[in-house]
Amino acid sequence: MQIQLPYSGLQWSDIPFLLTGIYHTLLLTVITVVLGTLLGIFIGWARESSKYPRIMFGPLIDVVRSIPLIIQFILVNSFFAMAGFPASPLVIGGVVLSIYMGVLTSELVRAGLRSVRPELKKASRSLGLTYWQELFHVSGPLAFRAVFPGWVGTVIGVTKDTALVSVVGYVELLRASQILINRSNEALLVLAGTGLFYFIICYPISRYSRSLEKVLKHD
Amino acid sequence: MFGYTFYWSIVWEKVPELLQGAKATLELTVISMIIGTLIALLLSLLRRQSSGIGMRFAASWIELARNTPALFQIYMIYFGLGALGLHLSSYVAMLIALSFNNAGFLAEIFRGGLQTIPKQQYIAARSLGIGSFKAYTHVVFPQLFRVVYFPYINQLNWALLNSSLGMIIGLRELTGATQAAQSESFRTFEFFIIAAVIYYAMSKIIQAGARFSFWRLVRE
């Protein structure tokens with residue numbers, strides 16, 4: 001019979017546990033990036049093109065950017081509980097981070113749309129393009145070039161911010177590694193591995209974004 | 001739905017504790033920004049060199065700070081150094097981690113700003129017989145100020161928000177104090193709404209103050 005001591009060292013069987021953590025981190029990142037980008041494009045476009053959405057979404061953007069994410073997670077979590085629909089940590093994380101990413105993206109989209117010269121828009125409208133045709137074939141592609149590097153930066157930010165969802169009980173990579181540290185007492189080894197994972201994801205993306213910025217500037 | 005009764009009086013009693021936490025938050029933010037700025041100035045100068053140990057050291061610091069979660073950096077200082085036998089209090093650990101993070105982000109801001117200042121400014125200063133150190137402090141940095149001012153304030157705001165991570169390692173800054181205060185009554189929502197309002201106010205005051213002082217400084 002084998003007896004497990006409370007402090008047992010790292011074992012091979014811990015790897016699936018960490019892999020699950022990585023899976024949870026990536027899952028939340030992908031959900032957030034997809035929903036956040038769609039939301040950001042919508043809010044950015046709406047705020048740029050008419051007056052009421054500009055006023056309506058203003059406070060949301062202001063508040064989301066001035067309150068720590070941790071508090072946003074806790075508030076939304078207890079709000080769902082109060083409303084009588086306790087939601088899973090993944091849902092809480094997905095909702096809060098998507099709104100957060102949407103807000104950051106919407107500001108980029110707005111700046112991108114504003115960077116398109118009005119003469120170009122007028123020229124394409126006078127050529128007989130409808131509003132939507134102009135948006136999709138002229139303004140959109142031009143704005144995309146201005147928005148893309150900043151958007152990549154936001155994706156990196158959100159990847160790192162998934163680590164904070166642990167405050168409402170989501171066991172992503174960093175939380176998983178902390179649990180492992182508590183059990184095995186191998187803080188440095190586990191943390192180094194965890195840091196390496198985030199770095200491997202984020203560093204190439206940030207390099208890519210920087211080189212892209214240079215290329216776009218020289219064009 | 002919403003069979004919930006808000007219960008505020010218990011929160012009002014604890015407001016002094018929260019304000020005490022807010023004071024710790026501000027203190028952490030300001031000190032970590034000052035340390036971060038000093039290190040960042042050095043890092044951005046080192047990073048501009050084309051090779052050498054200094055440049056590589058600066059590059060690794062900047063990339064590590066920017067490409068890993070702030071919470072990871074805090075864990076590394078708090079648990080990682082602890083494993084090496086260096087046990088820091090959560091306040092000191094938080095201060096070191098935040099300074100490390102700020103230095104990395106600020107160095108990138110300063111580097112971008114330095115690129116907008118022509119190299120000839122430095123060369124001209126040197127040719128007038130000004131030493132290297134003074135050429136930076138008296139000629140280059142004052143010009144840098146205007147360019148990096150708003151990105152700098154933005155980073156100050158991030159530092160304020162990032163300091164909330166102290167809660168996770170048991171620090172009683174605003175978020176930690178709120179967490180502790182609500183644990184007696186479990187009125188989580190009420191307590192954290194107040195904390196959110198305090199954070200919002202601090203963030204707005206920083207931004208308004210920054211805009212006002214920029215207007216004052218540039219006008220003169």
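Values reported hereafter were calculated over all heavy atoms of this structure, with side chains retained and with hydrogens, waters and symmetry mates removed. All chains are named by letter (A, B, ...) in the order of the sequence lines, taking the proteins before the strands, and each is independently numbered beginning at 1.
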Point-to-point distance, once rounded to the nearest 0.5 Å, from OG of A/S78 to CZ of B/F191: 12.5 Å

Tell me if the NZ atom of B/K119 is crowded by more than 12 foreign heavy atoms within 6.0 Å. no

At a heavy-atom separation under 4.5 Å, does B/I168 approach chain A through its side chain, its backbone, both, or neither? side chain

For B/L64, which atoms come within 4.5 Å of any heavy atom of chain A: side chain, backbone, both, or neither? both

B/L165, B/N162, B/T178: which one forms the most heavy-atom pairs within less than 4.5 Å of chain A? B/L165

Does B/R56 CZ have over 12 foreign heavy atoms under 6.0 Å away? no

Heavy-atom proximity to chain B below 4.5 Å, by part of A/R207: neither

Taken to the nearest 0.5 Å, the spacing of A/D62 CG from B/S203 OG works out to 7.5 Å

Measuring heavy-atom distances to chain B, does A/I67 have an atom under 4.5 Å in its side chain, in its backbone, in both, or in neither? both

With a 6.0 Å cut-off (strictly less than), is the heavy-atom count around CZ of B/F57, excluding the residue itself, greater than 12? no

Which pair of non-hydrogen atoms, one from B/L71 and one from A/S166, has the smallest distance, and what is that distance? CD2-OG, 4.4 Å

Can you tell me how far CZ of B/F192 sits from CG of A/N77, rounded to the nearest 0.5 angstrom? 10.5 Å

Has B/R48 got more than 12 heavy atoms of other residues, nucleotides or ligands less than 6.0 Å from its CZ? yes

To the closest 0.5 Å, what do you measure between CD1 (A/I71) and CD (B/Q179)? 10.0 Å

Look up atom CD1 in A/I74 and atom CD in B/Q182, then write down how far apart they are to the nearest 0.5 Å. 7.5 Å

If you count every heavy atom of other residues, nucleotides or ligands that lies below 6.0 Å from A/Y208 atom OH, does the total exceed 12? no

Relative to chain B, which segment of A/D161 carries a heavy atom at a distance below 4.5 Å: side chain, backbone, both, or neither? neither

Check each atom of B/E190 against the heavy atoms of chain A and say whether the ones under 4.5 Å are side chain, backbone, both or neither. neither

Work out which heavy atom in A/K160 is nearest to a heavy atom in B/R66; give both atom names and the distance. NZ-O, 2.6 Å

Interface check, chain B: of A/P68, A/C202, A/G195, most non-hydrogen pairs under 4.5 Å belong to A/P68

Heavy atoms of A/R65 and B/L161 approach each other most closely as O-CD1, 3.6 Å

Can you tell me which portion of A/R175 sits under 4.5 Å from chain B's heavy atoms? Options are side chain, backbone, both or neither. neither

Is it true that, when you exclude A/R47 itself, more than 12 heavy atoms of the residues, nucleotides or ligands shown sit nearer than 6.0 Å to its CZ? yes

A quick test of your reading: do over 12 heavy atoms of other residues, nucleotides or ligands sit less than 6.0 Å from CZ of B/F150? yes

Check this for me: A/I55, atom CD1, are more than 12 non-hydrogen atoms of other residues, nucleotides or ligands nearer than 6.0 Å? yes

Heavy-atom cut-off 4.5 Å, strictly under: side chain, backbone, both or neither for A/V190 against chain B? neither

Which portion of B/M202 sits near chain A, non-hydrogen atoms under 4.5 angstrom: neither

Please identify, among B/A196, B/A70, B/A195, B/A83, the residue contributing the most non-hydrogen atom pairs under 4.5 Å to chain A. B/A196

Of all heavy-atom pairs linking A/L174 and B/F72, the shortest is CD2-N, 3.7 Å

Selection from B/N157, B/L174, B/N67 maximising heavy-atom pairs under 4.5 Å formed with chain A: B/N67

Just do the side-chain contact (heavy atoms from CB on, under 4.5 Å) check on A/L75 and B/I193 with the steps written out, would you? CA-CA 7 Å; A/L75 280 178; B/I193 279 284; 3.9 Å; yes

Taking every heavy atom of A/F199 against every heavy atom of B/E63, the minimum-distance pair comes out as CE1-O, 3.5 Å

